[in-house]
Amino acid sequence: MGILGTQWEAEYEGHKLVVSRNELTRGFKLEWDGTDIAHRRWSLVGLGELHTSAEAKGKPVDVKVVIYWGGASEMDGKCLITIDGKELDVKHVK
């Protein structure tokens with residue numbers, strides 16, 4: 001993890017998704033092509049879920065983000081992004 005935050009990236013049908021977690025503000029957010037489409041704060045250390053919708057190819061899609069404990073091997077945690085129930089390939093970038 002960066003000193004105070006972590007970031008993951010994924011792509012879906014030409015759209016860029018970025019999930020950023022900030023330990024200082026105790027929150028995380030989902031950006032779709034640079035626009036914040038969902039965000040929240042958490043009560044426990046850096047874990048939680050976001051659930052929202054977005055538009056791809058002119059149709060609405062169901063987007064879900066889950067940040068969960070990754071175990072000792074992944075102290076930053078893991079990020080799972082699904083769109084309409086299909087898991088995306090997510091890259092830990094920061």
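All values below were derived from every heavy atom in this structure, side-chain atoms included, with hydrogens, water molecules and symmetry-related copies excluded. Source: prediction; values computed, not measured. In this chain, numbering begins with 1 at the start of the sequence shown.
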Note to self: Just verifying a value: how many Å separate R40 CZ and I67 CD1, rounded to the nearest 0.5 Å?
What the structure shows: 9.5 Å

Notebook entry, point to check: Rounded to the nearest 0.5 Å, how far does NE2 of H92 lie from CD of E9?
Noted result: 10.5 Å

Note to self: Just to verify, what does H39 make a ring pair (Phe, Tyr, Trp, His ring centres under 6.0 Å) with, not counting sequence neighbours?
What the structure shows: none

Looking only at non-hydrogen atoms, find the nearest pair between [X] and [Y] and report the distance.
X	Y	answer
A38	L50	O-CD1, 3.9 Å
A10	D89	CB-O, 3.5 Å
A56	V61	CB-CG1, 4.2 Å
H51	V63	CD2-O, 3.2 Å

Notebook entry, point to check: Do I83 and L17 touch side chain to side chain, with heavy atoms closer than 4.5 Å?
Noted result: yes

Margin query: I'd like to check K78 versus W8 (side-chain heavy atoms, cut-off strictly below 4.5 Å). Are they in contact?
Written below: no

Checklist line | For K91, side-chain contact (heavy atoms from CB on, under 4.5 Å) partners two or more places apart | finding: V93

Item checked: With sequence neighbours excluded, residues passing side-chain contact (heavy atoms from CB on, under 4.5 Å) with E87 -> L80, T82

Checklist line | Sequence-distant partners of D33, side chain to side chain donor-acceptor pair (under 3.5 Å), two or more places apart | finding: H15

Next item on the list: Return the set of residues passing side chain to side chain donor-acceptor pair (under 3.5 Å) with K64 (not counting sequence neighbours), or none when no residue passes.
Entry: none

Next item on the list: Report yes or no: does D62 contribute a side-chain atom to a donor-acceptor pair with the main-chain N or O of S53 at less than 3.5 Å?
Entry: no

Next item on the list: Determine whether Y12 and V18 fall in the same hydrophobic cluster, where Ile, Leu, Val, Met, Phe, Trp and Tyr are linked whenever their side-chain heavy atoms lie under 4.5 Å apart.
Entry: no

